[in-house]
2 protein chains.
Amino acid sequence: MKRFHKRDFPTDQVRRFLEPGPIVLVSSAWKDERNIMTMGWHMMMGFDPSLFACYLWEENHSFELIRRSKQCVINLPTLDLVDTVVGIGNCSGADIDKFEKFGLTAQRGSKVEAPLLAECHSNFECRLYDGSQVGKHGLFIWEVVKAHVAIAPKIPQTVHYRGEGKFMVSGPDISRRSRFKPGNL
Amino acid sequence: MKRFHKRDFPTDQVRRFLEPGPIVLVSSAWKDERNIMTMGWHMMMGFDPSLFACYLWEENHSFELIRRSKQCVINLPTLDLVDTVVGIGNCSGADIDKFEKFGLTAQRGSKVEAPLLAECHSNFECRLYDGSQVGKHGLFIWEVVKAHVAIAPKIPQTVHYRGEGKFMVSGPDISRRSRFKPGNL
């Protein structure tokens with residue numbers, strides 16, 4: 001599988017990739033365990049600090065790794081990985097090592113212990129910013145502390161889940177920049 | 001502008017339209033005021049009850065209408081409304097009535113006082129489910145109490161914001177249903 005050549009990306013601009021709502025892969029590590037999960041329930045919450053929230057189901061094997069380590073990496077898969085995305089959602093890290101099963105390469109991050117996935121277009125290293133709603137709602141609020149983004153393509157073709165096994169594939173970009181008030185971009 | 005013919009839709013399936021991450025229009029009403037705002041920071045949080053979270057900036061004129069009324073309607077605009085979406089984000093309800101300015105039709109909802117936008121593909125009536133994080137994070141957790149969805153098209157062409165005036169337009173749907181474990185759909 002293709003690995004992307006990446007460079008550092010400003011954390012206050014990660015909305016470019018995350019705000020459109022793609023399915024992401026969440027990688028985590030705690031003690032001698034590591035895991036990957038598929039996740040679609042997330043949103044941006046701030047620019048600086050760069051805040052990102054997500055819902056995680058406590059039944060997922062990753063839940064405890066993420067809750068205990070207070071870290072994760074949000075990885076952005078492209079359309080060619082859609083079957084890997086589905087496969088990762090179909091099995092449990094309690095039974096197998098998903099990195100091995102799916103041939104994904106774990107790379108070291110610079111700010112967190114959770115691994116980056118080399119085969120994803122972008123990797124966002126996250127530290128827990130507010131865990132107060134984890135118990136009640138499964139809601140984690142993260143600070144993106146480091147962003148790695150592929151040099152090319154500038155705009156990845158992403159997949160966006162609709163439920164029932166269906167994904168929307170991202171289409172073309174259009175610009176309405178000239179119609180915005182500068183402060184509202 | 002085109003108005004859609006709609007029917008009731010199961011609230012536990014609203015992810016079909018909201019999980020892919022589209023820009024939405026939030027309509028609200030409080031006392032003799034009403035307003036519309038453009039919003040892209042949101043996510044699904046549950047099926048039954050149907051939970052949906054969003055971040056709202058307190059500087060938006062809609063913020064107080066929504067916070068006080070504890071209600072809103074999430075409206076799903078299609079690509080043909082993109083300039084309306086931008087225009088709504090560029091002006092303030094403190095100065096003008098956006099329904100009049102943009103020629104949008106306010107329809108009565110069945111469960112909330114906030115109006116539905118007839119020109120949007122879908123309308124989701126919401127009641128505040130948990131407002132405990134509004135003060136700290138601008139985070140509203142809503143229960144979708146009623147959903148109205150256009151009979152056609154089944155899959156609307158939506159716009160997904162990337163910042164800097166750029167939108168991703170939704171592309172084709174693909175199905176991987178046969179690859180999912182039934183319980184994981």
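FYI, side chains are in, hydrogens and waters are out, and symmetry mates aren't considered; it's all heavy atoms of this structure. Just so it is clear: chains get the letters A, B, ... in the order the sequence lines come, proteins before strands, and each one is counted from 1.
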*Which value, rounded to the nearest 0.5 Å, describes the distance between Arg162(A) atom CZ and Arg15(B) atom CZ?*
11.5 Å
*chain B contact via Ser132(A) - side chain, backbone, both or neither, heavy atoms under 4.5 Å*: side chain
*Parallel, tilted or perpendicular: which describes the rings of Phe167(A) and Phe180(B), with under 30° parallel and over 60° perpendicular?*
tilted
_How long is the straight-line distance from CG of Leu139(B) back to NE2 of His137(A), given to the nearest 0.5 Å?_
8.5 Å
*Evaluate side-chain contact (heavy atoms from CB on, under 4.5 Å) for Gln133(A) paired with Gln133(B), printing each intermediate quantity in order.*
CA-CA 9 Å; Gln133(A) 302 306 302; Gln133(B) 302 306 302; 2.8 Å; yes
*Parallel, tilted or perpendicular: which describes the rings of His160(A) and His160(B), with under 30° parallel and over 60° perpendicular?*
perpendicular
*Side chain from CB out, backbone as N, CA, C, O: work out which of these in Ile155(A) comes under 4.5 Å of a heavy atom of chain B, or both, or neither.*
side chain
*In terms of heavy-atom proximity below 4.5 Å to chain A, should Tyr129(B) be classed as side chain, backbone, both, or neither?*
side chain
_Met39(B) reachable from Leu18(A) in the ILVMFWY side-chain graph, under 4.5 Å edges_ = yes
*Cluster question for you: counting only ILVMFWY and a side-chain heavy-atom cut-off of under 4.5 Å, with indirect links fine, are Met43(A) and Phe47(B) together?*
yes
*Atom CZ in Arg176(A), atom NZ in Lys166(B): separation rounded to 0.5 Å?*
13.5 Å
*Looking at Val169(B), Asn90(B), Leu51(B), which one has more heavy-atom pairs under 4.5 Å with chain A than the rest?*
Asn90(B)
_Spatial distance of atom NZ (Lys136(A)) from atom CG (Asp130(B)) [nearest 0.5 Å]_ = 4.0 Å
*With a 4.5 Å cut-off on heavy-atom pairs, point out which of Gly46(B), Gly87(B), Pro22(B) contacts chain A the most.*
Gly46(B)
*Any salt bridge between Arg177(A) and Glu164(B), counting N to O under 4.0 Å?*
yes
*Is it the case that one hydrophobic cluster holds both Val112(A) and Val134(A), taking links as side-chain heavy atoms less than 4.5 Å apart, direct or via other members?*
no
*Heavy-atom pairs under 4.5 Å with chain A, option from Ser178(B), Cys54(B), Gly138(B) with the top count*: Cys54(B)
*asked:* Taking NZ in Lys6(A) as the centre, count heavy atoms belonging to other residues, nucleotides or ligands within less than 6.0 Å. Is the count above 12?
replied: yes
*Of Tyr161(A), Tyr55(A), Trp41(A), which meets side chain to side chain contact (heavy atoms under 4.5 Å, CB included) against Met44(B)?*
Trp41(A)
*Could you point out which residue of Val82(B), Val85(B), Asp83(B) forms a side chain to side chain contact (heavy atoms under 4.5 Å, CB included) with Arg179(A)?*
Asp83(B)
_Does atom CD (Gln107(B)) have a neighbourhood of more than 12 heavy atoms from anything else shown, all under 6.0 Å?_
yes
*Look at the side chain of Asn184(B) and the backbone N and O of Gly89(A), then say whether any donor-acceptor pair between them is shorter than 3.5 Å.*
yes
*With hydrophobic residues grouped by side-chain heavy-atom distances under 4.5 Å, do Leu76(A) and Met1(A) end up in a single group?*
no
*Are Phe52(A) and Met45(B) connected in the hydrophobic side-chain network, where two residues link if heavy atoms are under 4.5 Å apart?*
yes
*Could you look at Leu79(A) and say if it's the side chain, the backbone, both or neither that has a heavy atom under 4.5 Å from chain B?*
side chain
